[in-house]
Number of protein chains: 2
Amino acid sequence: MAIQQNIRLSVDAVVFGYTARESISVLLIKRTIEPFLHSWALPGGFVRDHESLEEAVTRELQTESGVHINYLEQLYTFGLPSRDPRGRVVSVAHFALVNPTNFKLAASSDAEDAGWFNIKELPDLAFDHAGIIAEAVKRLRGKIRYQPIGFELLDKKFPIADLEKLYETLLDRPIDRRNFQKKMNHLGILIAHNETQKQLSQGRPAKLFSFNEKRYFQLMKDGIAFEV
Amino acid sequence: MAIQQNIRLSVDAVVFGYTARESISVLLIKRTIEPFLHSWALPGGFVRDHESLEEAVTRELQTESGVHINYLEQLYTFGLPSRDPRGRVVSVAHFALVNPTNFKLAASSDAEDAGWFNIKELPDLAFDHAGIIAEAVKRLRGKIRYQPIGFELLDKKFPIADLEKLYETLLDRPIDRRNFQKKMNHLGILIAHNETQKQLSQGRPAKLFSFNEKRYFQLMKDGIAFEV
DNA sequence: TCAAAAGTGTTATCGTTACACCCATGC
DNA sequence: GCATGGGTGTAACGATAACACTTTTGA
């Protein structure tokens with residue numbers, strides 16, 4: 001009953017990182033093989049016979065860039081027959097969040113180079129990867145409406161302004177500091193610490209906060225009604 | 001540069017239908033081939049070399065059951081190496097909505113039988129299809145929080161109570177009729193008609209409504225903040 | 001002492017919830 | 001005329017939005 005198929009399966013990952021200075025960035029790697037040799041592309045590769053999709057993504061991310069993944073979920077499967085010039089390759093795209101300050105990017109064997117690109121200044125990309133990133137950005141922007149966000153992207157302790165800037169970037173509009181703070185307090189996901197940020201600029205030093213993980217993950221499951 | 005892979009790709013569809021009497025049901029077909037011969041399973045099958053994933057689902061649904069699809073989106077890709085006893089089969093599951101009154105189910109060549117099953121009374125299912133349905137139900141319940149729902153499931157004209165029952169079923173709790181109506185009016189997605197429902201039970205005949213499609217699809221894109 | 005960023009509270013508005021009586025129909 | 005389901009409004013409450021002055025620090 002074997003059905004002859006000529007379809008190969010790959011995985012790709014859209015890895016988002018965030019820093020208050022650099023805003024939201026995507027991890028890209030420079031290809032070392034044809035097609036699209038020397039083009040920027042999403043990290044990813046072919047799935048092996050005995051590994052799950054998630055194992056495949058994790059392996060590829062490890063070997064291509066050395067990131068520490070904080071969050072990983074499936075995004076969408078891209079299967080147009082024409083998306084890869086080598087023939088039929090269906091790719092299961094994934095969505096990942098990392099904190100870029102937690103590790104050094106390491107372009108290794110499979111990648112000529114690896115780097116962060118602001119989502120508003122992406123280079124030309126291999127295959128349909130620009131479309132995949134567009135979907136991932138949609139997902140990220142969408143998440144904000146029904147899940148808390150930030151834990152996987154920010155440092156363990158952070159000034160509340162960092163979180164606010166993250167929301168402002170994703171929503172692409174200004175937010176009232178006071179109301180934002182009130183709402184976060186109301187959600188109960190922030191824990192205040194008696195520490196202030198080491199000074200990196202002028203102005204009053206900011207108190208540091210961390211997430212109440214229990215409450216955070218509870219709300220992540222239950223969903224929130226949160227319009228900033 | 002060909003990489004030898006022994007993975008086959010299939011598609012499956014979780015098709016939801018709704019009637020005020022029968023509540024939310026899933027379309028299942030009875031398998032005519034091994035493995036899981038004579039078991040109930042989701043409609044689906046292998047993707048052909050030159051068709052897109054969506055084409056593959058549509059084709060399978062057509063040949064296996066003859067449904068009229070009103071809405072189709074990708075759900076999730078299931079890729080555990082052990083999910084199919086025949087070997088490695090990765091399945092891209094889809095999520096579909098139909099109005100069961102629009103057509104007659106037709107079990108054809110590929111299916112011994114086809115039928116609707118209430119999501120609370122599912123039979124034993126082939127492969128990991130029970131898990132796939134569970135994911136689809138989650139998606140359906142989730143949608144209600146950020147998208148209008150009903151257009152693809154209900155008749156063109158319907159009494160508002162049908163829509164309310166749909167929400168009550170998905171939310172699994174009672175809803176206040178008056179507040180529900182006010183909220184729907186506020187959203188502006190309902191158009192009242194000067195017709196009443198043909199009597200099928202005792203009581204005052206209900207006014208019929210239809211959806212304001214333009215507004216409906218606008219809100220579907222923009223998202224809604226809607227807590228019933 | 002000035003510039004920069006952080007901390008903080010009140011009011012008005014809007015949306016949500018809770019709740020009960022009357023109306024049209026079939027039996 | 002009674003049982004069944006449909007149609008409709010108001011008041012209390014809670015959440016959201018708008019808005020400005022004071023504090024701490026570095027230069």
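Small disclaimer: the values here were computed from a predicted structure and weren't measured. Letters A, B, ... mirror the listed sequences (proteins, then strands); counts begin at 1.
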Tell me whether the rings of Phe103(A) and Trp116(A) are parallel (<30°), tilted (30 to 60°) or perpendicular (>60°). tilted
Centroid-centroid under 6.0 Å between Phe95(B) and Tyr76(B) rings: no
What is the distance, rounded to the nearest whole Å, between atom CZ of Phe158(B) and atom P of dG5(D)? 20 Å
Arg59(B): which residues meet the salt bridge (Lys or Arg N to Asp or Glu O under 4.0 Å) condition with it, sequence neighbours left out? Glu51(B)
Does Phe158(B) have any ring-ring contact (aromatic ring centres under 6.0 Å, His included) partners at least two apart in sequence or in another chain, and if so, which? Phe211(B)
Find the distance Asn194(B):CG to dA24(C):P and express it as a whole number of Å. 15 Å
Take Lys157(B) and Glu195(B), measure what salt bridge (charged side-chain N to carboxylate O under 4.0 Å, His left out) needs, and give me the verdict at the end. CA-CA 9 Å; Lys157(B) 294 182 180 177; Glu195(B) 280 176 79; 2.4 Å; yes
Sequence neighbours excluded, which residues qualify as ring-ring contact (aromatic ring centres under 6.0 Å, His included) partners of Tyr71(B)? none
Could you tell me whether Phe151(A) and Phe217(A) have their ring centroids closer than 6.0 angstrom? yes
For nucleotides 10-13 of chain C, which of its nitrogen or oxygen atoms have a protein nitrogen or oxygen under 3.5 Å away, and what is each distance?
residue : atom : partner   : partner atom : Å
dT10(C) : O4   : Lys182(A) : NZ           : 2.8

Out of dG7(D), dG15(C), dG7(C), which nucleotide sits closest to the side chain of Lys207(A)? dG7(C)
Distance, rounded to the nearest Å, where Leu163(B) contributes CG and dG5(D) contributes C1': 17 Å
Within this structure, what is the CG-to-P distance between Leu208(B) and dG6(D), rounded to whole angstrom? 12 Å
Using a strict threshold of under 4.0 Å (side-chain N to carboxylate O), is an ion pair present between Lys138(A) and Glu135(A)? yes
Over how many whole Å does the gap from Glu164(A) atom CD to dA6(C) atom P extend? 8 Å
What is the distance from NE2 of His186(B) to P of dC14(C), rounded to the nearest Å? 11 Å
Closest to side chain of Lys183(A), choosing from dT16(D), dT8(C), dT16(C): dT16(D)
By salt bridge (Lys or Arg N to Asp or Glu O under 4.0 Å), which residues pair with Arg178(B), not counting sequence neighbours? Asp176(B)
Integer-rounded Å distance: dA18(D) C1' and Arg178(A) CZ: 8 Å
When you check every protein heavy atom under 4.0 Å of nucleotides 21-27 of chain D, what one-letter string (B, S, -) results, 5' to 3'? --BBBBS
